[in-house]
Amino acid sequence: MTIAERIAALPAAANTASEFNGKLTQGAPSASVEKSKANAETSRKSVLSSLYASDRADYTKEDALKKQWRKMNTVNLVDILDGTVDRRNRSLSIQDLERRLQEGSVSPSVEDTDMQMLEFEFKGIGFDAGPAYADVGSEKVSRNIEYVASRYAAMEARIKETYSGALQKAELDKLEKIYQRAVERAANKYAEIVDGILNKNGVSGEKEKLSHAFKRSVEERAAQYREFLQEKPEFVGVEGTENEWLLKDDEYIAARLREQNIELAMELRENGGYTRRDLEILGQYTSEITVMEAKANTYDMNEERMGLELAILAMKTDTIQKEGGIGSELKNTLENALNGFISSFMDRFDEQLGVNRDEAMTAYDSRGNAALDKESVWNVYDKTMDEYRQSTDLMKALVKGAEYAKDRYSQKEAAGSVLGIYRYMNGASYWNNFFKANTGSGYDKAVSTYSRHLTAFMDFRKRLQSGEGIQMNLTSSSGFHAANTGGEMISEKA
């Protein structure tokens with residue numbers, strides 16, 4: 001009898017509950033109910049975040065114990081139908097489990113390689129492209145490459161130590177297929193997201209190169225880890241101790257491998273292609289321009305602010321090209337993406353204003369969403385960039401550009417030419433608070449817009465020069481920490 005037939009033959013469930021006779025009451029839930037809900041939500045998030053091992057990058061001995069407990073208490077449908085589910089280990093404490101692991105009396109054995117679990121955990125490797133903006137940041141690129149490469153190397157070593165002959169070959173073949181599927185899936189997702197953003201901004205034809213570069217980066221890192229394991233097989237530090245059983249957990253070995261901070265091998269550029277560093281920077285760059293666009297609100301992003309913040313993007317892009325240690329291929333891609341983004345950003349912003357006007361119920365609302373004055377945007381952008389080209393100093397150019405933009409903004413308001421336009425009515429605080437902190441009430445009253453940009457740029461440059469993943473910090477309203485200036489501009493007319 002098949003499983004489906006056996007399930008169909010089970011007796012129908014009977015409802016033995018008594019009739020509901022409670023009464024609905026309206027009112028705020030009690031504190032205990034709210035606390036219970038909060039605890040349940042916290043527990044749910046904890047369970048979800050730990051489903052994939054890549055979200056537990058450190059993977060401690062405690063994680064290994066919990067994993068072994070789950071492994072011992074996993075049941076399948078056939079056992080349930082047969083009534084042969086082994087529940088003896090359900091009451092086993094973590095302390096007792098650890099003792100049995102130390103004695104080598106655990107079943108199933110910790111030595112058994114678990115390919116199904118490995119494949120499941122590899123499914124946590126990927127990238128996200130939400131409805132508003134993407135998440136292909138440099139930290140995620142690095143995490144995914146490191147995780148797949150280390151798990152592959154550790155599992156391969158585990159198989160070679162555990163099995164021999166035909167069984168070893170079969171397990172290695174299985175591992176290779178799981179590994180290749182994981183790498184292919186992650187590489188294609190990265191390439192799909194980044195190439196999609198590039199295409200949206202006028203840069204095409206990069207998808208295949210990006211996917212190839214990602215796969216090559218994983219393979220090169222895996223080769224490093226394999227070599228390290230061969231040269232230093234006893235690097236973990238639990239050899240000959242009561243915790244030696246951990247050496248049989250490939251996930252534990254992989255986590256310790258990642259802790260070694262093995263210097264990345266020098267990558268040779270294939271015909272001007274991308275390196276891992278390039279992938280990290282491009283992923284962060286494309287992610288953050290989508291964030292910038294998503295946060296560009298038609299109700300407070302006026303032309304002068306837009307011109308200045310697009311110039312900040314351009315200056316940071318130039319800094320990456322000069323100081324980021326990237327290849328000519330990525331320099332060209334960033335240049336083309338920047339030029340395409342500036343034009344398409346303004347076009348899409350203007351299109352949204354048009355949609356708002358089409359949906360307007362009153363003439364006042366139509367006026368509030370007046371068409372974008374692109375010439376005003378370009379004036380501020382060009383003024384800022386002219387200063388940057390002359391001084392090569394981003395912050396000095398920012399000051400000059402902001403002074404010009406603020407004057408233009410004030411002139412428009414004084415002339416009444418922007419009267420009733422929402423983005424000017426609501427965007428005044430950006431300029432009022434640019435050089436000096438707002439003296440009114442509010443969470444950020446001690447933080448000027450300039451100090452936010454200053455701190456953001458200092459963070460950006462520090463991370464770039466140290467070789468860390470870049471942080472573009474493109475929106476001044478993103479809650480960056482204030483620079484140590486007391487919220488005051490050093491000199492408004494620098």
Side-chain angles (χ1 to χ4, degrees), residues 43-60 63-77 108 110 112-131 133-159 170-196 207 210-222 225-226 249-258 276 279-280 283 287:
S43 177
R44 184 186 72 83
K45 289 180 178 178
S46 176
V47 170
L48 290 177
S49 67
S50 63
L51 281 176
Y52 295 113
S54 58
D55 294 321
R56 305 191 308 277
D58 54 347
Y59 193 82
T60 63
D63 293 316
L65 286 167
K66 291 174 184 176
K67 182 175 181 178
Q68 185 62 27
W69 190 93
R70 289 193 299 271
K71 186 176 178 180
M72 292 167 60
N73 288 286
T74 298
V75 298
N76 60 53
L77 184 56
V110 71
D112 296 341
T113 54
D114 192 340
M115 293 297 187
Q116 285 185 321
M117 179 57 72
L118 178 66
E119 185 160 26
F120 172 77
E121 288 161 348
F122 272 170
K123 287 180 181 177
I125 300 299
F127 301 93
D128 304 314
Y133 44 82
D135 180 11
V136 215
S138 52
E139 287 83 0
K140 182 162 278 193
V141 170
S142 178
R143 188 199 73 170
N144 288 349
I145 290 174
E146 291 294 319
Y147 185 81
V148 175
S150 62
R151 286 300 305 272
Y152 172 69
M155 180 60 93
E156 182 189 57
R158 182 81 234 120
I159 290 172
E171 290 295 301
L172 288 174
D173 288 346
K174 238 186 273 184
L175 171 63
E176 192 65 28
K177 289 177 183 176
I178 292 171
Y179 165 70
Q180 292 297 341
R181 280 197 295 267
V183 175
E184 187 79 19
R185 183 170 57 247
N188 288 346
K189 191 61 178 178
Y190 171 88
E192 176 188 320
I193 294 173
V194 174
D195 183 65
K207 188 174 182 179
L210 292 170
S211 178
H212 174 72
F214 189 95
K215 286 184 276 192
R216 187 163 62 93
S217 294
V218 178
E219 288 165 3
E220 288 181 356
R221 193 55 166 164
Y225 281 137
R226 294 165 81 184
D249 186 330
D250 69 282
E251 191 171 349
Y252 186 83
I253 300 299
R256 303 292 77 79
L257 271 175
R258 296 192 295 273
R276 170 170 164 172
L279 296 177
E280 290 174 344
S287 292

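Side chains are part of it too, since the values below use all heavy atoms of this structure and drop only hydrogens, waters and symmetry mates. This structure is a prediction, so every number in the text was calculated from the model and none was measured.
In terms of the side-chain contact (heavy atoms from CB on, under 4.5 Å) criterion, residue partners of Glu184 (sequence neighbours excluded) are, by chain and number, Asn188, Lys215. Remark: Arg185 pairs with no residue by the salt bridge (Lys or Arg N to Asp or Glu O under 4.0 Å) rule, at least two apart or across chains. In terms of the side-chain contact (heavy atoms from CB on, under 4.5 Å) criterion, residue partners of Arg221 (sequence neighbours excluded) are, by chain and number, Ile145, Glu146, Ala149, Gln224, Tyr225, Ile262, Leu264, Arg276. Scanning for ring pair (Phe, Tyr, Trp, His ring centres under 6.0 Å) contacts around Phe127 gives Tyr190, Phe214, with sequence neighbours left out. Every residue meeting the side-chain hydrogen bond (donor to acceptor under 3.5 Å, both in side chains) condition with Lys174, not counting sequence neighbours, appears here in chain and number order: Glu171. Glu176 pairs by the salt bridge (Lys or Arg N to Asp or Glu O under 4.0 Å) definition with nothing, not counting sequence neighbours. Under the salt bridge (Lys or Arg N to Asp or Glu O under 4.0 Å) criterion, Lys207 pairs with no residue, sequence neighbours left out. In this view, Gln116 satisfies the side-chain hydrogen bond (donor to acceptor under 3.5 Å, both in side chains) rule with no residue, not counting sequence neighbours.
Scanning both residues, Ser211 and Ala191, for their nearest heavy atoms gives N-CB, 3.7 Å. Nearest heavy atom pair, residue Ala64 against residue Tyr59, reads CA-OH, 3.2 Å. For the pair Ser287 and Val136, the tightest heavy-atom approach, listed with the atom from each and the gap, is OG-N, 2.7 Å. Among all heavy-atom pairs drawn from Ala154 and Ala254, the shortest one is CB-N, 3.8 Å. Between Gly283 and Val194, the shortest heavy-atom distance links the atoms CA-CG2, 4.3 Å.
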Problem set entry | Trace of the salt bridge (charged side-chain N to carboxylate O under 4.0 Å, His left out) decision for Lys189 with Glu192 | CA-CA 5 Å; Lys189 191 61 178 178; Glu192 176 188 320; 3.7 Å; yes
Problem set entry | Test log, rule side-chain contact (heavy atoms from CB on, under 4.5 Å), inputs Lys67 and Met117 | CA-CA 10 Å; Lys67 182 175 181 178; Met117 179 57 72; 3.8 Å; yes
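Counting heavy atoms from C-beta on, the side chains of Tyr179 and Met155 never come closer than 4.5 Å. Leu175 has its side chain within reach of Leu118: a pair of non-hydrogen atoms, C-beta onward, lies under 4.5 Å apart. With a 4.5 Å cut-off on side-chain heavy atoms, Met115 and Ile159 count as touching. At a threshold of 4.5 Å between non-hydrogen side-chain atoms, the residues Val183 and Tyr152 do not count as touching.
We find the CD1-CG distance between Ile193 and Leu210 to be 11.5 Å, quoted to the nearest 0.5 Å. To the nearest 0.5 Å, atom CG of residue Asp250 and atom CD of residue Glu156 are 12.0 Å apart.
Using modelled atom types and a 3.5 Å distance limit, the side chains of Tyr147 and Arg151 yield a donor-acceptor pair.
The residues Arg143 and Glu139 are annotated as not salt-bridged, no charged nitrogen and carboxylate oxygen being separated by less than 4.0 angstrom.
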